[in-house]
Amino acid sequence: MNAVMKKRMKTWLLIACICLGLHDLMIVLAQIVIQGGFSWTELWKLAVSRLTQPGDATRYLDIAQNGYTAEGENANNLVFYPLYPLLIRLLGSVTGNLPLAGVIISRAGYCVASVLLYELILLDGNTRNAWDGVLLMALYPFSMFAMGLFTEGLFLALTIGCLYALRKGKYIAAGIIGFFASLTRTQGMLLIFPAVYELVSRRLSPEKRKIKLGDALVLLIPAGFGAYLLINYLLHGNWFQFLIYEADAPWYQTTRWIGDNIAQHYGMAAENPGLAWIIYWPQIALYFGILAALLYGLKKKERMMYLLYGGVYLGFTYLSGWMISGGRYGLGCVPVFIILSKLKDGPDRRFLFLLMGMLFFVYSLFYLQGFAIM
C-alpha cells in the first residue's frame, strides 16, 4: 500500500470517528441532562431505549424476525421497504441480536456515507469544501436518526454511492447501487433522474460520447421499487397495497399538492403548540430552506445532476400528506450538503455552522429525551 493510499485511509478513519463521535457525544450529554449526572449504566439504557425501540424501529425488527404477512395486525408492516430488515436478519444471524445488528448497519452506513460524501465533494472542490460538507451532514439537526434502527444511515450510503458512481461515469455501478437504494426507501427510485440526465448529457456533449450497452444498466435503479411492488402483489394481489396501508391508521398519508401540505403543517402548528417546534415548524422551515439552497446552487452553477436530484427529492417528499417525518427525510437530500459546502469563508459560513450546531444539539436532546421527533 503506497503512502497516498495510507493517507486517504487515515482521513476516512478520521471522518468516521468524528461523525460518530459527535453523535455519541450528544447521547452522553442527553444522559447527563436527563439524569443530572453521568452513569455508564444509565448511558447504556438510554442508548438502547432511544436507538432501538421508538417508532419504526419495532416494525423493522418484526419484519427482520418474521417477514411480511398478508394477515393480522402486522400486515401493514408492508409499508416498510425490505432491504434494511433483510440486512438486519442476515447480520443478526451472526451477532445473535437483531437490534444490535440494526444499529451496526445504520452506523456503518452513516460512516460510509460520510466518507463517500467527502470523496464526492473533493471531485469538484477542495479539502475544506469536502470537510465542510461532511460536518454539515453530521450537524444536520435530525441526523441522530442515522444512528438507530431507521433506514437513514443505509439510505445515505446508497444514495451518495450512486451519485459518486454517476459522477465518475461508472453507470453499471450506479445502476446496481441505485437498485438497492430504491429497495430501501421510495425516494431511492428518484436517482433515475440524475442518472438519465448524465447519460443524455454525455451523448449530447461536444465530444458526442457514445452510450455503451452496459450504461443502460442505470435503468436498474427503479427496478428496486418494482421488486417492492412485486412483494405487494404476491402478498395481496395488489401492486400498490402499501398505499392503502399508508392512507390508514396510524399514518394517514396520502398524496396532496405541496401547497396544501405546507398549509396543513401551518394549521397543525397552530392547533398543537406543544408539537409545533418539534415537528411542524421544522418541516415548513426545511422545505423553504432546502429550496433556497437549491436555488443558490443554481445561481452558483452547481452540477445539474445534483440540482435535479435535490429538486425532485424535495418535491416528491413534500407531496406526502399528513407528513410528520419531514425532518429526518430532509437528511436524504444530499445535494444541499454539497451546495453549502462551497460557501466561501466569511460571516455566512460561520453563521451556518453556528446555527446547525445549535439546532443539532437541541433536536438531538429532544429526540434522546423521548420527545416526538419523527
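What you see below is based on every heavy atom in this structure, not just the backbone, and it leaves out hydrogens, waters and symmetry mates. A quick note: this is a predicted structure, and the numbers were derived from the prediction, not measured.
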Test your reading of the model: is there a side-chain donor-acceptor pair from [X] to the backbone of [Y], 3.5 Å cut-off?
X    : Y    : result
Q283 : S325 : yes
S106 : G102 : yes
T317 : L314 : no
Q35  : E42  : no
Y313 : Y329 : yes
N2   : M5   : yes
N232 : F240 : no
N129 : N126 : yes
T11  : K7   : yes
Y363 : M144 : no

Q) Does the gap between the ring centers of F80 and Y60 come in under 6.0 Å? A)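 Ring centres of Y60 and F80 closer than 6.0 Å.
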Between [X] and [Y], does at least one N-O distance fall below 4.0 Å, as a salt bridge requires?
X    : Y    : result
R167 : D124 : yes
R107 : D24  : yes
R256 : D260 : no
E119 : R8   : yes
R128 : D345 : no

Q.
So, applying ring pair (Phe, Tyr, Trp, His ring centres under 6.0 Å) with H236, which one of Y245, F242, Y68 is it?
A.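 Exactly one candidate clears the test, Y245.
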Q. Under the 6.0 Å and 45° cation-pi test, does R185 pair with Y81?
A.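 Geometry flag: not set, cation outside 6.0 Å or 45°.
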Q) Regarding R50 and the six-membered ring of Y367, is the cationic atom NZ or CZ under 6.0 Å from the ring centre and inside 45° of its axis? A)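 Pair R50/Y367 counts as cation-pi.
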Atom of [X], atom of [Y] and distance for their closest heavy-atom approach:
X    : Y    : result
P222 : I192 : CD-CD1, 3.8 Å
G178 : L191 : CA-CD1, 4.3 Å
A30  : L365 : CA-CD2, 3.5 Å
L156 : G332 : CD2-CA, 4.1 Å
G188 : I221 : O-CG2, 3.7 Å
A113 : A157 : CB-N, 3.6 Å

Q | Derivation and outcome, side chain to side chain contact (heavy atoms under 4.5 Å, CB included), residues L359 and F142 | A | CA-CA 9 Å; L359 293 176; F142 298 90; over 6 Å; no
**Q.** Stepwise side chain to side chain contact (heavy atoms under 4.5 Å, CB included) check, V134 with F337
**A.** CA-CA 8 Å; V134 168; F337 306 121; over 6 Å; no
Q) Roughly how far, to the nearest 0.5 Å, is CZ of R349 from NZ of K344? A)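 One finds 13.0 Å between NZ of K344 and CZ of R349.
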Q: Could you tell me the separation between the CG atom of L117 and the CG atom of L135, rounded to the nearest 0.5 Å?
A: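 Those atoms lie 10.0 Å apart.
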Q | Test side chain to side chain contact (heavy atoms under 4.5 Å, CB included) applied to M147 and I27, step by step | A | CA-CA 10 Å; M147 297 293 103; I27 299 175; 5.7 Å; no
Below 4.5 Å, heavy atoms only, C-beta onward: do [X] and [Y] meet side chain to side chain?
X    : Y    : value
Y110 : C19  : yes
M137 : Y140 : no
M26  : F360 : yes
P250 : N76  : yes
I105 : I88  : yes
K170 : Y164 : no
L158 : L183 : no
S114 : W12  : no

Q. Would you call the rings of F150 and F145 parallel, tilted or perpendicular if under 30° counts as parallel and over 60° as perpendicular?
A.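 Aromatic pair F150/F145 classed perpendicular.
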Q | Those residues that, when tested against T52, pass side chain to side chain contact (heavy atoms under 4.5 Å, CB included) (two or more places apart) | A |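 Once residues adjacent in sequence are excluded, the partners of T52 under the side chain to side chain contact (heavy atoms under 4.5 Å, CB included) criterion are V48, P99, V103, L149.
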Q | CH2/W322: more than 12 non-hydrogen atoms of other groups inside 6.0 Å | A |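 At most 12 heavy atoms, drawn from other residues, nucleotides or ligands, come within 6.0 Å of this atom.
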(Q) Does atom CZ (F38) have a neighbourhood of more than 12 heavy atoms from anything else shown, all under 6.0 Å? (A)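 Yes, CZ of F38 has more than 12 neighbouring heavy atoms, counting only those of other groups under 6.0 Å.
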Q. Mind checking whether Y287 and L295 sit in one hydrophobic cluster, side chains of I, L, V, M, F, W, Y counted as touching below 4.5 Å?
A.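 Both belong to a single hydrophobic cluster.
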Q) Does L230 belong to the same Ile/Leu/Val/Met/Phe/Trp/Tyr cluster as I244, with side-chain heavy atoms less than 4.5 Å apart forming each link? A)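 No, L230 does not connect to I244 through the hydrophobic network.
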Q | Option from T69, N66, D62 for which side chain to side chain donor-acceptor pair (under 3.5 Å) with N77 holds | A |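 It is D62; the other options fail the test.
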Q | ILVMFWY clustering at 4.5 Å (side-chain atoms), partners of L13 | A |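 Reading the cluster by chain and number, L13 sits alone, since nothing else belongs.
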Q: Please determine, by modelled atom types, if S182 and Y228 share a side-chain donor-acceptor pair under 3.5 angstrom.
A: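 No.
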Q.
Side chains of R59 and N74 only: does a donor on one sit below 3.5 Å from an acceptor on the other?
A.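 Absent: no donor and acceptor within the cut-off.
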Q: Determine, stepwise, if the pair D132 / L343 fulfils side chain to side chain contact (heavy atoms under 4.5 Å, CB included).
A: CA-CA 9 Å; D132 279 1; L343 284 175; over 6 Å; no
(Q) Before you tell me yes or no, could you show the steps for W281 and Y266 under ring-ring contact (aromatic ring centres under 6.0 Å, His included), namely the whole-Å CA-CA distance, both residues' side-chain angles and the distance that decides it to 0.1 Å? (A) CA-CA 7 Å; W281 286 125; Y266 181 84; 5.6 Å; yes
